[in-house]
There are 2 protein chains.
Amino acid sequence: MVKAADRAKDPARSSVWLEKRAARSGGGPAGLDRDRIVSTSIRMLDEEGLAKLSMRKLATELGVTAMSLYWYVDTKDDIIEFAMDSVYGEVDLAAVDAAGDWQERIRVLALEYRGMLVRHGWMSPTVGQYLNIGPNAIAFGRKIHEAIRDTGLSLDRQPSAMSAVFQFVYGYGTIESQFSRRAAEAGMSQDEFYVEAVKAFRDDPEFEKQAEGMKEILDERATHGSVTAVWDRDFAYALDVLVAGIEVMVAREAEAARDAEK
Amino acid sequence: MVKAADRAKDPARSSVWLEKRAARSGGGPAGLDRDRIVSTSIRMLDEEGLAKLSMRKLATELGVTAMSLYWYVDTKDDIIEFAMDSVYGEVDLAAVDAAGDWQERIRVLALEYRGMLVRHGWMSPTVGQYLNIGPNAIAFGRKIHEAIRDTGLSLDRQPSAMSAVFQFVYGYGTIESQFSRRAAEAGMSQDEFYVEAVKAFRDDPEFEKQAEGMKEILDERATHGSVTAVWDRDFAYALDVLVAGIEVMVAREAEAARDAEK
DNA sequence: GACTGTTCTCGTACACCGTACAAGGATCCT
DNA sequence: AGGATCCTTGTACGGTGTACGAGAACAGTC
């Protein structure tokens, strides 16, 4: 029997999902199994971050040797890809269907996506690095696709509109999880960390030079509650901008169609 | 004299830029110097990617030992941060000033940013991972800030609008550079790679199930020239969406102000 | 119950990584 | 010429992902 490690060492293989092969069942003495490996990985990634996860540590956590993992998985990357898709599975697709018009569905999808990125800070870098073509990622992508389709935008515009929204969410979620990671590393709450950062910024002798208009914004933000509240507000507003932009484009298309009819 | 390595080993230090210290001049026998280190790093990063850059390889390229680099730099991360800021310096800020209204300035900034991310594929992951507070990054940020200010949006909305645009650009540039990296790794042109990817997708037995509306989009895109042309088109359109969205918000604020006056 | 083949686990080893540390060569100032 | 300072190097440590082969645990057959 071929070992997992012998499969698919083809350097052109770019994703586990392109190498369809049944998961190894865990009948062995160590009670290992792919699901257990993946869920433990996710827990460790959430707790310690991407950089801290090593095969040896993961194996130790599972009460096993590093090399044992390679029976269930070809490479460490595979584990990451499985973990990612599992996280995509957290998205509540039923909530999307329950939402009303396309505007609302886009909002729900964006919130779900953002929540996922923030809950699992290690996802941002990996989303940008791996093909996201696991079953859950694809199911999520389909829902996005459906929502955008229902805008009524012409076919050639749909991918653009879609990326405008979801690339934004990706970037926003990345920054947000970044910030919370840094706060955690500094051992502060996000609010404390924000205060510190602003103070450091204001104390910088360069600040006056480039402060034009900055000061006012910083002051304004200080009066609006916690950091997370401001983030929620900003995110919702940016979504409004995007939805409004799409609505404008839809209206323009409709207008152009009317003109053509005349 | 303290060695570079002894400075700032404080784990709370989160960026080179927070550790203001003059650069070491390169009067030594190896003719080394921080600029040479950074520019060589950028070249190697462009050619080989982030994962392939190691201190030993970089040193070899410079005709020197790995440990020599540590005279000019505290850690490998510092080199990355210097390289990043140097790349931020490529942005043509004069072109931004030459542009007309805020709409046009936002477009120019977005194009510059996107170009930077695509030219240097290793930037996307690092932008998401480091504080971007080098001089060039800050100068770039200021220009963005100024453009957004000139929309006339109220202070508390400006950061949202800004992030809607530039988080989108970040996400878009990330995907794009991702794609071109994968094509290069597979030894294909981007067009060839696209054809292969679509074929693999269509051949997938799952395809029919989830194909609703996909087929048409894929076909449509095949008729619109090269992959890069489609990307340019999509990017421009998404920017239109964003600009239109901001215009709507500006108009709504103006309207609300008029109503309040009455 | 013994035998055999498959399914798992492990110990060892390799090449590579970032970098701490201390020794020493090169250069400049006095 | 001597000493201080600047720069480069060799060696070593503890980490990484994972290739390879030995062997333990189990299932099925006689």
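Below, chains carry the letters A, B, ... as their sequence lines are ordered, and counting in each starts from 1.
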**OP:** Calculate the interatomic distance between A/Y70 atom OH and C/dG11 atom P; express it in whole Å.
**Re:** 16 Å
**OP:** Quick one: label A/L62 by what it contacts on the DNA or RNA (base, sugar-phosphate, nothing), any heavy atom closer than 4.0 Å.
**Re:** nothing
Original post:
If you pin B/A66 and A/M67 to their nearest nucleotides in DNA chain C, which one's is more 5'?
Top reply: A/M67
Original post:
How long is the line joining CG of B/D77 and C1' of C/dT19, in whole Å?
Top reply: 12 Å
Original post:
Does B/W71 place a side-chain N or O at less than 4.0 Å from the phosphate oxygens OP1/OP2 of D/dC7?
Top reply: yes
**OP:** Give the intermediate values and the outcome of side chain to side chain donor-acceptor pair (under 3.5 Å) for residues B/W122 and B/D46.
**Re:** CA-CA 7 Å; B/W122 48 277; B/D46 287 348; 2.7 Å; yes
Subject >> Polar pair under 3.5 Å, donor/acceptor by atom type, side chain A/R56, base D/dG17 >> reply: yes
**OP:** On the 0 to 90° scale, with breaks at 30° and 60°, tag the B/F140-B/F166 ring pair as parallel, tilted or perpendicular.
**Re:** perpendicular
Subject >> Under-4.0 Å side-chain N/O to phosphate OP1/OP2 contact, B/S68 with D/dT8 >> reply: no
Original post:
CG of B/L69 versus C1' of D/dT8: gap in Å, rounded?
Top reply: 11 Å
Original post:
Within this structure, what is the CG-to-C1' distance between B/L58 and C/dC17, rounded to whole angstrom?
Top reply: 14 Å
**OP:** Report yes if a side-chain nitrogen or oxygen of B/Y72 is closer than 4.0 Å to either non-bridging phosphate oxygen (OP1 or OP2) of D/dT8; otherwise report no.
**Re:** yes
**OP:** Classify the nucleic acid contact of A/K57 as base, sugar-phosphate or nothing, counting any heavy atom under 4.0 Å across all strands shown.
**Re:** sugar-phosphate
Subject >> Euclidean distance, atom CG of residue B/L50 to atom P of C/dC17 [Å, nearest integer] >> reply: 13 Å
**OP:** Starting from C1' on C/dG18, measure out to CD1 on B/I80 and report it in whole angstrom.
**Re:** 12 Å
Subject >> Polar contact flag, side-chain donor to acceptor under 3.5 angstrom, B/Y72-B/D33 >> reply: no
**OP:** Might you point out which heavy atoms bring B/T174 and B/S124 nearest each other, and give the distance in Å?
**Re:** OG1-OG, 3.2 Å
**OP:** State whether B/S54 places a side-chain N or O below 4.0 Å from either non-bridging phosphate oxygen (OP1 or OP2) of C/dC17.
**Re:** yes
**OP:** Measure from the ring center of A/Y194 to the ring center of A/W231 and say whether it is less than 6.0 Å.
**Re:** no
Subject >> Whole-Å gap separating C1' (D/dC7) and CZ (B/R36) >> reply: 14 Å
Subject >> Whole-Å distance separating the CG atom of B/L32 from the C1' atom of D/dC7 >> reply: 9 Å
Subject >> Proximity to the side chain of B/V64 - top-ranked nucleotide from C/dT19, D/dT9, D/dT18 >> reply: D/dT9
